[in-house]
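These numbers come from a predicted model, not from an experiment.
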Amino acid sequence: MRTGLRLGLVAMVAMLGGGDLASAQTAKIKLGYAKCAHCLPMSLIPGMTKGVEVEATGFNSGNDVLTALVSKSIDVAQVTYLHYITALDKGFDVVAVSGQINGGSECLSSAKLNLPPEDWAAFKATVAKAKSDGQPLKVAASRGNAQDIHMRGAFLKQSVDPNKDIQFINIPNPSDHLAALQRGEVDMICSVEPFASQIRLAGAGKHFVLPYDQAAGNLTNLIVTRSDVIAGQRAGVQGVVSAVVELDNKLIADKGPWIEVINKLTGLDKNVATEALNNASPDPAIHRAQTLAIAAMMRDLKYISKDVSAEAEKNMDYSFLEQATGKARNDLGY
């Protein structure tokens, strides 16, 4: 009798416009994020979504997060504007639905270079001498991450060709950057927070520049998904974007939870976390014009093989931000 009653109630719900059982169930989204200071707040999203069950997983880098998204291991990803452009260049199905937090890049030099902070003339002279001596300056970053592109764009603007004038060293996991500088394996590194602050506070490297004088500016994080996820789990995507907007507003008002989550998930001292947040700016907007400039810069750097400007603009979906904020897309970076 109980089974019959339950089936009868299901039929009644459907007849009264309640829809099918799938729509009545809580939306479920698998979310991926990278392990960096401006990325780690994404771990708080599961506790902030309403009507959405979110499973959040941290990855070592944005490259790993993007791989998980395009292989359909996750549904929504925190990556960077640069990963977005790279994905489109490779023909992947990615849709930008929100910004998140910008900043987080810093170029640090080894003590042996004795390089004055912000002194591009001294840097260029050092690069030229090292190249003429047949021992090009060794500059490291995590290839394909925002810091890599920020660094390359800033160098190119100073007439230093990152493909010809220096020796690029790829260190995929940013947590390994400190040891590389300490061991003298590289002369300079463009790292991500909180590892950049860790390097400075440990005395392993000196601040040279925040590499934001290029087309990308300080734009870093972007929330992306796939078109099939939007079609099948729109409510879930909306729940994540609304939570990102709410979280950004909270972090602007109070950095305490941000410091706590960095400390908890990286094991780094709270002083390091606090220092790292001096180079981070919560921002849920999707910056269209700068994204197109980034695409052009990445083509100039030969990081992508073709012009993807049309695809970059076409694959920006502002509707989730519009619903989350009550603002029009022209006020959200369009």
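Listed for the W258 side chain is a donor-acceptor partner under 3.5 Å among the backbone atoms of A37. The main-chain N or O of G104 is never found under 3.5 Å from a side-chain atom of N218 such that the two would form a donor-acceptor pair. With hydrogens and angles disregarded, no donor-acceptor distance shorter than 3.5 Å links the side chain of Y334 to the backbone of M316. Listed for the S242 side chain is no donor-acceptor partner under 3.5 Å among the backbone atoms of G239. Judged purely by atom type and a 3.5 angstrom limit, N170 uses its side chain to pair as donor or acceptor with the backbone of R143. Side-chain atoms of Y303 come within 3.5 Å of backbone atoms of G144 as a donor-acceptor pair (strictly under, hydrogens ignored). Using modelled atom types, no side-chain atom of Q214 and backbone atom of R152 make a donor-acceptor pair closer than 3.5 Å. Between the side chain of Y84 and the main chain of A312, a donor-acceptor pair closer than 3.5 Å is present. Judged by distance alone, the side chain of D75 and the main-chain N or O of K30 form a donor-acceptor pair under 3.5 Å. Of the possible polar contacts, none joining the T57 side chain to the G32 backbone as a donor-acceptor pair under 3.5 Å is found.
Note on ring orientation: taking the six-membered ring where Trp is involved, the planes of H287 and Y81 are tilted (angle from 30° to 60°). The aromatic rings of F155 and F123 sit tilted, their planes meeting at an angle between 30° and 60°.
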Could you please spell out the steps behind the side chain to side chain contact (heavy atoms under 4.5 Å, CB included) verdict for W120 and V209?
CA-CA 9 Å; W120 282 109; V209 72; 3.9 Å; yes

After noting the C-alpha distance and the side-chain angles of Y33 and S43, does the key distance pass the side chain to side chain contact (heavy atoms under 4.5 Å, CB included) rule?
CA-CA 8 Å; Y33 62 91; S43 66; 3.4 Å; yes

Apply side chain to side chain contact (heavy atoms under 4.5 Å, CB included) to V308 and E311, showing your working.
CA-CA 5 Å; V308 297; E311 293 94 329; 3.9 Å; yes

Could you go through the side chain to side chain donor-acceptor pair (under 3.5 Å) check for H207 and E106 one step at a time?
CA-CA 7 Å; H207 167 76; E106 182 177 9; 2.7 Å; yes

Would K138 and E185 count as a salt bridge (Lys or Arg N to Asp or Glu O under 4.0 Å) if you check the C-alpha gap in whole Å, the side-chain angles of each, and the deciding distance to 0.1 Å?
CA-CA 8 Å; K138 294 180 179 179; E185 295 171 356; over 6 Å; no

Given side chain to side chain contact (heavy atoms under 4.5 Å, CB included), test V127 with I166 step by step and report yes or no.
CA-CA 7 Å; V127 168; I166 63 168; 4.2 Å; yes

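For the 3.5 Å distance criterion, the side chains of T86 and H83 fail to qualify, holding no donor opposite an acceptor. Neither side chain, R234 nor T225, offers a donor N or O lying under 3.5 Å from an acceptor on the other. There is a side-chain donor-acceptor pair under 3.5 Å between D89 and S305. Checked by atom type, the side-chain pair R200/S197 shows a donor-acceptor distance below 3.5 Å.
Residues Q147 and S191 approach most closely at CG-O, 3.2 Å, considering heavy atoms. Closest approach of A204 to L181, counting heavy atoms only: O-CB, 3.9 Å. The heavy-atom pair separating V245 from P284 by the smallest distance is CG2-CB, 4.0 Å. Residues I149 and M297 share a closest heavy-atom pair of CG2-CE, 3.5 Å. Nearest approach of H150 to L219, heavy atoms of both residues: NE2-O, 3.0 Å. Between A215 and A293, the shortest heavy-atom distance links the atoms CB-O, 3.6 Å.
Hydrophobic clustering of Ile, Leu, Val, Met, Phe, Trp and Tyr side chains at less than 4.5 Å, counting indirect connections, keeps I169 apart from F195. Hydrophobic cluster membership is shared by F59 and F92, with clusters built from Ile, Leu, Val, Met, Phe, Trp and Tyr side chains linked at under 4.5 angstrom. Criterion: ILVMFWY side-chain heavy atoms under 4.5 Å apart, direct or through other members. Under it, L201 and L268 are part of a common hydrophobic cluster. Both V224 and V54 belong to a common hydrophobic cluster when Ile, Leu, Val, Met, Phe, Trp and Tyr are linked at side-chain heavy-atom distances under 4.5 angstrom. A continuous path of hydrophobic side-chain contacts links V65 to V244 [ILVMFWY only; heavy atoms under 4.5 Å].
Distance check, rounded to the nearest 0.5 Å: CE of M188 to SG of C107 gives 6.0 Å. Considering CG of N221 and NE2 of H38, their distance stands at 4.5 Å, rounded to 0.5 Å. The structure places CD1 of I45 at 5.0 Å from CG of L247, a figure rounded to the nearest 0.5 Å. Between the CE atom in M151 and the CG atom in L156 there is a gap of 11.5 Å [rounded to 0.5 Å]. In this structure, CG in L66 is found 10.5 Å from CG in N145, a value given to the nearest 0.5 Å. Interatomic distance, L44 CG to E260 CD, rounded to the nearest 0.5 Å: 10.5 Å.
In the hydrophobic clustering, I252 connects to no other residue, as no ILVMFWY side-chain heavy atoms lie under 4.5 Å from its own.
The closest side-chain heavy-atom distance from Y212 to N279 is below 4.5 Å. Here the side chains of P162 and F168 are not in contact, with every heavy-atom distance at 4.5 Å or above. The closest side-chain heavy-atom distance from D148 to S142 is not below 4.5 Å. Taking the side chain as every heavy atom from C-beta outward, L113 and L137 approach each other to under 4.5 Å. The side-chain heavy atoms of I171 and I189, taken from C-beta on, include a pair separated by under 4.5 Å. Using a 4.5 Å cut-off on side-chain heavy atoms (C-beta onward), E53 and I29 make no contact. Residues N173 and K35 are not in side-chain contact: their nearest non-hydrogen atoms beyond the backbone lie 4.5 Å or more apart. Counting only heavy atoms from C-beta outward, the side chains of H177 and I199 approach each other to under 4.5 Å.
By the neighbour-count criterion of 12 heavy atoms within 6.0 Å, atom NZ of K302 is sparsely surrounded, having that number or fewer from other residues, nucleotides or ligands. Counting heavy atoms of neighbouring residues, nucleotides and ligands inside a 6.0 Å radius, atom CD of Q135 does not exceed 12 of them. Atom NZ of K124 has more than 12 neighbouring heavy atoms from other residues, nucleotides or ligands inside a 6.0 Å radius. More than 12 heavy atoms of other residues, nucleotides or ligands sit less than 6.0 Å from atom CD of E118.
Residues that satisfy the side chain to side chain contact (heavy atoms under 4.5 Å, CB included) test with D93, not counting sequence neighbours, are V95, R226, S227, D228.
Partner of I101 under the side-chain contact (heavy atoms from CB on, under 4.5 Å) criterion, out of D248, T220, L277, D283: D248 alone.
The existence of a salt bridge linking E322 and R329 is excluded, since no basic side-chain nitrogen approaches an acidic carboxylate oxygen closer than 4.0 Å. Between K250 and E246 there is a salt bridge, with a side-chain nitrogen of the basic residue lying less than 4.0 Å from a carboxylate oxygen of the acidic one.
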